[in-house]
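Notes to accompany the following structure.
Below, read A as the first sequence line, B as the second, and so on, with proteins coming before strands; counting in each chain starts at 1.
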There are 2 protein chains.
Amino acid sequence: MSVTREKILELGEELILTKGYNGFSYQDISTVMGIKNAAVHYYFPSKENLGLSILKTNAQRFEEMVENMQNRGFNEWQQMEAFTKVYIKSNRENKICLIGSLGTDINTLTDPMRTELQKMVDRIVSWLELTLQNGREKGLFHFSMPPREMALRILASLVAGLQLARILNKTDFKAIHQSIWEEITPK
Amino acid sequence: MSVTREKILELGEELILTKGYNGFSYQDISTVMGIKNAAVHYYFPSKENLGLSILKTNAQRFEEMVENMQNRGFNEWQQMEAFTKVYIKSNRENKICLIGSLGTDINTLTDPMRTELQKMVDRIVSWLELTLQNGREKGLFHFSMPPREMALRILASLVAGLQLARILNKTDFKAIHQSIWEEITPK
DNA sequence: TTGATTTTACTTATTAGTAAGTATATTTGC
DNA sequence: GCAAATATACTTACTAATAAGTAAAATCAA
């Protein structure tokens with residue numbers, strides 16, 4: 001696949017995570033890349049098209065990560081740890097996540113983008129739920145609420161953890177994500 | 001104070017909470033109100049000016065709520081309950097909160113707005129921290145981590161709870177906010 | 001030379017913002 | 001008490017900048 005196309009996707013994603021979907025333009029992309037506006041339109045005819053591609057790329061990346069972890073025989077604890085690490089990296093880079101960013105702009109998105117976002121979040125919550133449930137059965141985690149509730153709670157902590165850390169202080173994210181582990185670690 | 005000005009502030013806030021700061025324009029306000037674009041500029045010369053006014057109005061509303069609760073002799077449990085109710089109402093109205101919305105757009109805001117946002121969030125976290133600490137001393141709450149960590153954790157749950165609920169399902173917010181109480185209620 | 005890629009040169013729409021004017025109150029000087 | 005001055009609350013009619021998007025020509029690479 002074209003290296004230009006890849007780079008546009010990468011930059012577009014970064015812009016969504018740093019300035020928000022309605023806070024960036026094709027100009028932002030073309031200027032940084034040293035190409036013309038129309039070249040971006042060549043690969044992604046519309047902004048919606050670009051946004052949708054970014055969403056699908058992300059959903060795919062998640063699936064690959066999950067598949068990869070299972071191939072390597074990661075247990076549920078290790079899988080949760082790896083998932084958390086993605087967020088720790090985002091925090092280090094002063095980025096929020098796609099869910100938090102597009103969640104804010106959801107009413108300005110087109111139906112295909114909204115649907116794709118819902119699909120992605122739903123998939124992540126389902127995976128978290130299953131991982132928490134299986135991990136609890138093995139005694140790797142300890143919590144009493146239904147796994148789906150716990151999944152939503154953990155995801156919410158991570159999503160808004162990044163936002164709060166960017167507003168207040170980067171180090172605040174650590175406090176938030178560590179408290180997740182305190183809650184689910186068996187005594 | 002002018003009723004038109006009040007209405008612009010109200011509508012502006014609603015637009016930030018539904019479409020995001022970079023997702024609405026003065027046109028959105030003037031069209032709904034049946035006035036001209038320039039009339040909005042008459043009250044708020046720039047969009048930054050409007051955004052700043054909305055932030056300050058919100059911060060003031062928070063202070064009034066806290067003051068009011070203390071005048072009425074609310075204990076810490078009741079105060080936490082009242083704070084949570086503000087978020088439950090937002091969820092009912094398909095709105096997210098100012099923190100989550102402006103948190104996404106923070107890098108596109110001017111310094112005065114960023115500073116005001118930080119000030120507001122800092123104030124809320126401090127209040128949460130103090131309320132949790134005092135409540136724990138009285139035996140109203142039970143938790144072992146430092147109060148500030150718990151404050152950040154609760155705020156993160158509420159902020160992203162609204163976002164996740166708007167993406168997935170309104171009822172998911174209930175699961176998230178109820179799990180907060182499960183965590184801090186003494187056994 | 002053919003197809004993929006990219007630029008040139010646009011269009012159309014929307015944005016924030018402004019200058020000047022108008023009608024209606026409200027205040028002030030006498 | 002009343003005319004003149006002034007403030008309030010807008011509208012009309014713009015500007016300059018930027019947005020997304022397009023058609024056609026030029027360039028490049030196999």
Side-chain angles (χ1 to χ4, degrees), chain A residues 1-55 101-102 104-114 116, chain B residues 1-55 57 101-102 104-114 116-117:
Chain A
M1 210 192 287
S2 159
V3 74
T4 307
R5 193 191 136 95
E6 296 276 309
K7 184 81 188 136
I8 293 171
L9 274 173
E10 204 179 295
L11 239 170
E13 183 179 328
E14 191 183 317
L15 285 163
I16 291 178
L17 305 184
T18 52
K19 304 178 75 180
Y21 185 75
N22 292 317
F24 86 94
S25 72
Y26 271 30
Q27 225 68 16
D28 291 325
I29 294 175
S30 57
T31 304
V32 170
M33 291 185 62
I35 56 176
K36 299 293 157 183
N37 197 281
V40 186
H41 278 285
Y42 170 71
Y43 289 102
F44 303 98
S46 69
K47 199 179 177 184
E48 187 213 332
N49 190 294
L50 174 59
L52 208 48
S53 299
I54 290 169
L55 265 173
S101 184
L102 296 179
T104 295
D105 298 325
I106 198 161
N107 292 324
T108 68
L109 304 178
T110 55
D111 273 338
M113 274 196 76
R114 210 182 349 250
E116 188 61 34
Chain B
M1 208 192 288
S2 159
V3 74
T4 306
R5 194 191 135 94
E6 296 276 310
K7 182 83 188 134
I8 293 171
L9 274 173
E10 203 179 297
L11 238 169
E13 183 179 329
E14 191 183 318
L15 284 163
I16 291 178
L17 305 184
T18 52
K19 303 179 76 181
Y21 185 75
N22 292 317
F24 86 94
S25 73
Y26 270 30
Q27 224 68 19
D28 291 326
I29 294 175
S30 58
T31 303
V32 170
M33 290 185 64
I35 57 176
K36 297 295 156 181
N37 198 283
V40 185
H41 279 284
Y42 170 73
Y43 289 101
F44 302 97
S46 69
K47 199 179 176 183
E48 188 213 330
N49 190 294
L50 173 60
L52 209 48
S53 300
I54 290 169
L55 265 173
T57 302
S101 183
L102 295 179
T104 294
D105 298 325
I106 196 160
N107 291 324
T108 68
L109 304 179
T110 55
D111 273 338
M113 273 196 78
R114 209 179 354 247
E116 188 62 34
L117 177 62

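Distance A:Y21 OH to D:dA19 P: 14 Å, rounded to the nearest Å. When rounded to the nearest whole Å, the span between CD1 of A:I29 and C1' of D:dG21 equals 14 Å. Protein atom CZ of A:R5 is 13 Å distant from nucleotide atom P of C:dT6, rounded to whole Å. Between the CG atom of B:N37 and the P atom of D:dC10 there is a distance of 14 Å, given to the nearest Å. One interatomic measurement links the two molecules: NE2 of B:H41 to P of C:dG17, which rounds to 6 Å at whole-angstrom precision. Atom pair A:K47:NZ and D:dT18:C1' shows a separation of 12 Å (rounding to whole Å applied). Between A:I35 atom CD1 and C:dT5 atom P there is a gap of 12 Å when expressed in whole angstrom units. In this structure, CD1 of A:I8 is placed 11 Å from C1' of C:dT5, rounded to the nearest angstrom.
Under 3.5 Å, the side chains of B:T104 and A:D105 contain no donor-acceptor pair of N or O atoms. With hydrogens and angles left out, the side-chain atoms of A:S2 and A:Y43 include a donor and acceptor closer than 3.5 Å.
A:K36 places none of its side-chain heavy atoms less than 4.5 Å from the side chain of A:Y42.
Ranking D:dG21, C:dA16, C:dG17 by closeness to the B:S25 side chain, first place goes to C:dA16. The nucleotide whose nearest atom lies closest to any side-chain atom of A:A38 is, among D:dA9, C:dT7, C:dA16, C:dT7. The nucleotide whose nearest atom lies closest to any side-chain atom of A:Q27 is, among D:dA9, D:dA19, C:dT7, D:dA19.
Base contact: A:K36 has a heavy atom under 4.0 Å from a base atom. Within 4.0 Å (heavy atoms only), A:F44 reaches no atom of the nucleic acid at all. Residue contacts shown for B:Y42 include a base, since a base heavy atom lies under 4.0 Å away.
The two atoms that bring B:F44 and B:Y26 nearest to each other are O-OH, 2.9 Å, heavy atoms only.
Between the side chain of A:N22 and the backbone N or O of B:N22, no donor-acceptor pair lies under 3.5 Å.
Residue A:T4 has a polar side-chain atom (N or O) positioned under 4.0 Å from OP1 or OP2 of C:dT6. Taking side-chain N and O atoms only, A:Y43 has a distance below 4.0 Å to OP1 or OP2 of C:dT6.
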